[in-house]
Amino acid sequence: MAKSIYNLKSKYRWCLTGTPAQNSVSDLYSLIKFLRFYPWCIEQWWNSQFPKDVKKTTSNDLVKMKNLLKGILLRRKK
C-alpha cells in the first residue's frame, strides 16, 4: 500500500498526524518520503543523517531533526 501512496501524482501533498514519530525515526521518514521533501526523502540521505537505532541518537541529531520539522510542521498546542 505504501508504494501506491508514494507513487500518487499530485502538485500538492500534505499529511495529518497526531504522532509523527510514534515508534521510531523511520515513522517520520515515511511521511517525509510521501511529501517528497528533498533531499530528506532519499533513503540514503536520511540514513546518513539519522541513526536507525534510537539509542545511538546524539544531541546533534536531535537538533537536525528539530530544524527539519520546524520548516515543514504546523503544530497546534492544546
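None of these values were measured; they are calculated from a predicted model.
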task: For residues L69 and L28, determine if any side-chain heavy atom of one lies less than 4.5 Å from a side-chain heavy atom of the other.
output: yes
task: Give a yes or no on whether L62 and I72 share a hydrophobic cluster (residues Ile, Leu, Val, Met, Phe, Trp, Tyr; joining criterion: side-chain heavy atoms under 4.5 Å apart).
output: no
- prompt: Under 4.5 Å between side-chain heavy atoms, hopping through other hydrophobics if needed: is there a path connecting V63 to L68?
  reply: no
Pairwise side-chain contact, C15 with L35, heavy-atom cut-off 4.5 Å (strictly under): yes
- request: With the side chain counted from C-beta on, respond yes when I42 and W40 share a heavy-atom pair under 4.5 Å apart, and no when they do not.
  value: no
- request: Specify whether W46 and Y29 have parallel, tilted or perpendicular ring planes, treating 30° as the upper limit for parallel and 60° as the lower limit for perpendicular.
  value: tilted
query: Any side-chain donor paired with an acceptor under 3.5 Å for D61 and T58?
result: yes
- prompt: Is F34 close to C41 at the side-chain level, that is, under 4.5 Å between some pair of heavy atoms?
  reply: no
query: Is there side-chain contact between F37 and L31, with heavy atoms separated by less than 4.5 Å?
result: no
- line: One should read off an interatomic distance between M65 CE and F50 CZ, to the nearest 0.5 angstrom, of 4.0 Å
message: If the condition is side chain to side chain donor-acceptor pair (under 3.5 Å), which residues does S48 pass it with, not counting sequence neighbours?
response: none
message: Rounded to the nearest 0.5 Å, what separates atom NZ in K64 from atom OG in S59?
response: 10.5 Å
- prompt: Can you check whether R13 reaches L8 side chain to side chain, under 4.5 Å on heavy atoms?
  reply: yes
